[in-house]
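A quick note: this is a predicted structure, and the numbers were derived from the prediction, not measured.
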Amino acid sequence: MTTPADNTFYVTTPIYYVNDKPHLGHVYTTMVADVVARYHRLRGDDTFFLTGVDEHAAKVSDKAAEYDLSPQEWADQNAAAFRGTFEKLEMTNNDFVRTSSQRHKDKVTEYVSALLKSGDVYEGEYVGWYDAGQEEYVPENKAKDNDYKSEVNGKPLVKKTEKNYFFKLEKYRDDLLAFYAERDLAGKGYVQPEARKNEVVNRIKEANDIPISRTGSGGWGIPVPGDEEQTIYVWIDALFNYLTYVDDDERRHYWASGATHFIAKDILWFHAAIWPALQMALSKCDGYAWVWGEGVQQNQLVYSHSYWVSESGEKMSKSLGNFLDPAAIDNYVEEFGLDALRYFLATRGPLGTTDSAFSPDLFVEVYNSDLANTFGNSCSRVSNMIGKYFDAKTPSRQDAKVQGVTFNAETQIQSILPGSNSAFNACNLAGPANNALILVREVDSYIEKTEPFKLAKDPEKIDDVGAVLGNCIEALRIASVLLWPFIPDKCEAFWSRIGCGHYAEQLKDNGTGDLEAWVKWGQLKPGTPIEKGEALFPRYQVEKKP
RNA sequence: GGGGGCGUAGCUCAGUGGUUAGAGCACGGGACUCAUAAUCCCUUGGUCGCAGGUUCGAAUCCUGCCGCCCCUACCA
């Protein structure tokens, strides 16, 4: 597990379909990317985090027509909704993709022109089952399931032939398989988690050329260069967003470092096969060799997470009415705070190959045990004792061993950091968060063993009390640094209370921190004022059910 | 139909060939009072979906079955 050698980090989310309303699925992927982006900024990496919306599809212009709006007006409205949601959730994306932007359209046109010239995109014929009523093609299996009749109006489907532009995916089978093998050999699979890879590899072996243009988009979309009748298929248009928004002199180094693409499992094929093949093809065109450079080949990866499902295990969907919509998400933020939502989603979410149930009970349980009772409470009790016994100033600390008890946290920290680093590189978020909590639990355990609140009653032992509390506040400071990617607002509040406001100052506006220096033992200077303040995470009282 | 994945304590999950399978939460007992009725210590709890096989040894590898899920050319 290597990090980009040049300390540059580029992370993306899919661009979200603009006809949708932002829901838990969108929020989850974006939040995961945000936690990872924040971690990289914290450790000082030059980080670029990209999210946005996909606007080009015939259904977008159809929907716009329903509301008597132009496609652009409709897209503007919904793009604003996504942007607003992400801003409210304090996502730290460095830019926001809109595929209807001139920048994107110009670049995609350039890329496709180059591909046309190279011969990897050619004119061909697409044959498929066409539903005239719906004006769309029906996949073979679906057509068969419905006895080759329209699912909607029951009329027979028509075998229709259409002129389309095709991408020579088949030609790249071997290159893709070789690429996968190389990455496996290097110990950093292109597709993660590992379990997702096999299905892709098998499918690549049988991959055929794919149509990358459509007709009948009603002028909404990016025309195929030199053939205004045809529109570039939205998926191809969309994939290129990862490139179009960093294809300039200031940002190209992000691309070169190899992107980390967070996606949900349903869109794996596009990212795992079509996307790298497009990059390979484009890199053979004049002036585009950098698109498939060494850093890209070594570090670009696709992380495919699973779904949030309802408590009973069903897929969340509008039709089932178990959908966590923007209002429901707002309610959680209102009740528990944004950090609580971030923490829960990041540490209990479906990052692996299994779906996770979104359970309100579990949410409360995790909030109370991890955030209120552990981190929040420990901060309170330590700063309270410092306030009581040391006039709210950091006591000076002499020794790790007080009253015959050795404080383990100091040595633990040295082992936690490398573990957390490799966990983040493997896109494991639960591990690093838990590591920080282990540190906090160690503080609580240490307090029980040394009983500073008892020692404080004997004036002769005040130095020992100082040593104990000095150890505690220092360990909590380090824990808060480790927790910042997950619960940034509360950590920043804590920092301002313990004289570490400069951390927040440095990280503000997507600035970078210095993780390694900040987690070194002994940064808090004796005499620094400590403020107890309100509870960081007030315990949530569960109503007792009869 | 084809391809792939998942199934570990009541709950959420670690654990991919090697000593008596782990953590957090929940439950039970005890301690403490600095703290958000918070904390700490100890205990309880699993035929690792089921059945075979490979191996000195399997939750871990192979086969079959059961359950759930993903993909299989146009809604990211």
Side-chain angles (χ1 to χ4, degrees), chain A residues 13-20 25-26 29 52-54 57-60 63 99 126 128 136-142 144-145 164 193-203 205-206 208-212 214 217 233-236 238-239 241 263-271 274 304 306-307 309 313 315 347-348 352-357 359 361-362 365-366 368-374 376-389 428 430-431 434 437-438 441 443-449 451-454 456 465 469 472 532 534-541:
Chain A
T13 74
I15 49 175
Y16 304 112
Y17 185 51
V18 82
N19 263 7
D20 282 343
H26 307 122
T29 313
V53 288
D54 168 40
K59 291 193 179 170
V60 173
K63 200 81 185 170
T99 54
Y126 171 73
E136 67 183 18
Y137 285 93
V138 179
E140 178 65 35
N141 62 323
K142 212 171 164 185
K144 200 175 166 189
D145 286 350
N164 279 140
E194 182 72 24
R196 288 276 170 236
K197 190 193 67 195
N198 295 340
E199 66 187 79
V200 174
V201 168
N202 287 332
R203 200 171 155 193
K205 290 175 185 162
E206 292 168 6
N208 297 316
D209 292 353
I210 53 162
I212 62 155
R214 294 290 187 275
S217 67
Y233 172 38
V234 282
W235 251 112
I236 302 304
L239 283 170
N241 93 85
I263 60 164
K265 59 186 176 183
D266 56 330
I267 57 172
L268 181 59
W269 175 245
F270 292 93
H271 288 80
I274 298 172
S304 159
S306 301
Y307 289 143
V309 293
K315 188 172 171 175
T347 63
R348 308 299 144 117
T353 47
T354 310
D355 294 342
S356 297
S359 149
D361 289 346
L362 184 63
E365 184 188 301
V366 168
N368 276 343
S369 61
D370 287 7
L371 299 178
N373 297 352
T374 304
N377 182 59
S378 198
C379 291
S380 287
R381 67 196 301 209
V382 170
S383 44
N384 184 62
M385 283 190 274
I386 291 174
K388 239 174 175 167
Y389 311 138
N428 166 4
N434 192 48
L437 286 189
I438 287 172
R441 290 193 192 101
V443 169
D444 280 330
S445 169
Y446 178 64
I447 292 172
E448 300 301 324
K449 283 181 198 147
E451 300 184 308
F453 42 85
K454 270 187 188 166
V465 177
L469 295 180
C472 290
K532 186 187 174 194
E534 294 292 305
L536 289 170
F537 297 97
R539 187 180 163 79
Y540 187 80
Q541 294 300 335

Euclidean distance, atom [atom1] of residue [X] to atom [atom2] of [N] [Å, nearest integer]:
X	N	atom1	atom2	value
A:Asp361	B:G24	CG	P	21 Å
A:Asp355	B:C13	CG	C1'	15 Å
A:Ile438	B:C13	CD1	C1'	14 Å
A:Lys454	B:A35	NZ	C1'	16 Å
A:Asn434	B:U12	CG	C1'	12 Å
A:Lys197	B:G5	NZ	C1'	14 Å
A:Met385	B:U33	CE	P	12 Å
A:Asp444	B:U33	CG	C1'	13 Å

Task: Donor-acceptor contact below 3.5 Å, side chain A:Asp355 vs main chain A:Ser306 - done: no

| query | So, the side chain of A:Asn434 versus the backbone of A:Gly431: is there a donor-acceptor pair under 3.5 Å, distance only? | reply | no

* Asked: Step by step, would you call A:Asp370 with A:Glu365 a side-chain contact (heavy atoms from CB on, under 4.5 Å)?
  -> CA-CA 8 Å; A:Asp370 287 7; A:Glu365 184 188 301; over 6 Å; no

Roughly how many Å apart are [M] and [N], using the [atom1] atom of each and rounding to a whole number?
N	M	atom1	value
B:G30	B:C66	C1'	45 Å
B:G24	B:U20	C1'	22 Å
B:C75	B:A23	C1'	41 Å
B:G49	B:U12	P	15 Å
B:C32	B:G45	C1'	27 Å
B:U54	B:U63	P	15 Å
B:U8	B:G15	C1'	9 Å
B:G46	B:C13	C1'	14 Å

Contacts of A:Phe270 meeting ring-ring contact (aromatic ring centres under 6.0 Å, His included) (sequence neighbours excluded), chain-then-number -> A:Trp235

Next on the checklist: Any heavy-atom pair between the side chains of A:Arg539 and A:Asn377 that's under 4.5 Å?
Outcome noted: no

Subject >> Min side-chain heavy-atom separation A:Ile447-A:Val382 under 4.5 Å >> reply: yes

What is the base-pairing partner of [N], counting Watson-Crick and G-U wobble geometry with both distances under 3.5 Å?
N	result
B:A51	B:U63
B:G46	none
B:A76	none
B:C68	B:G5
B:C25	B:G10
B:U39	B:A31

May I ask you to say what [X] touches in the nucleic acid, namely base, sugar-phosphate or nothing, with a heavy-atom cut-off under 4.0 Å?
X	answer
A:Ile210	nothing
A:Ser359	nothing
A:Tyr389	sugar-phosphate
A:Tyr16	sugar-phosphate
A:Ser380	base

Let's see if you can work this out: which of [options] has an atom nearest to the side-chain heavy atoms of [X]?
X	options	value
A:Arg381	B:U39, B:C75, B:U36	B:U39
A:Arg203	B:G24, B:A76, B:C71	B:C71
A:Tyr307	B:C34, B:A76, B:C70	B:C70
A:Lys265	B:A76, B:C70, B:A35	B:C70

Nearest-nucleotide check on RNA chain B, A:Pro211 vs A:Asn384; residue mapping nearer the 5' end is A:Asn384

Taking for A:Thr354 and for A:Val382 the nucleotide of RNA chain B with the nearest heavy atom, the one nearer the 5' end belongs to A:Thr354

Next on the checklist: Run A:Arg203 and A:Leu268 through side-chain contact (heavy atoms from CB on, under 4.5 Å) and show every step you take.
Outcome noted: CA-CA 11 Å; A:Arg203 200 171 155 193; A:Leu268 181 59; over 6 Å; no

Across all chains, not counting sequence neighbours, the side-chain hydrogen bond (donor to acceptor under 3.5 Å, both in side chains) partners of A:Lys532 are none

Query - Face-to-face stacking of A:Trp235 with B:A76, centres under 5.5 angstrom, angle under 30° - result: yes

Are the ring of A:Phe453 and the base ring of B:C34 both nearer than 5.5 Å at their centres and tilted by less than 30°? yes

Please tell me if [X] has a side-chain N or O lying less than 4.0 Å from either OP1 or OP2 of [N].
X	N	answer
A:Arg539	B:A38	yes
A:Ser304	B:C71	no
A:Asn373	B:A38	no
A:Lys532	B:U36	yes

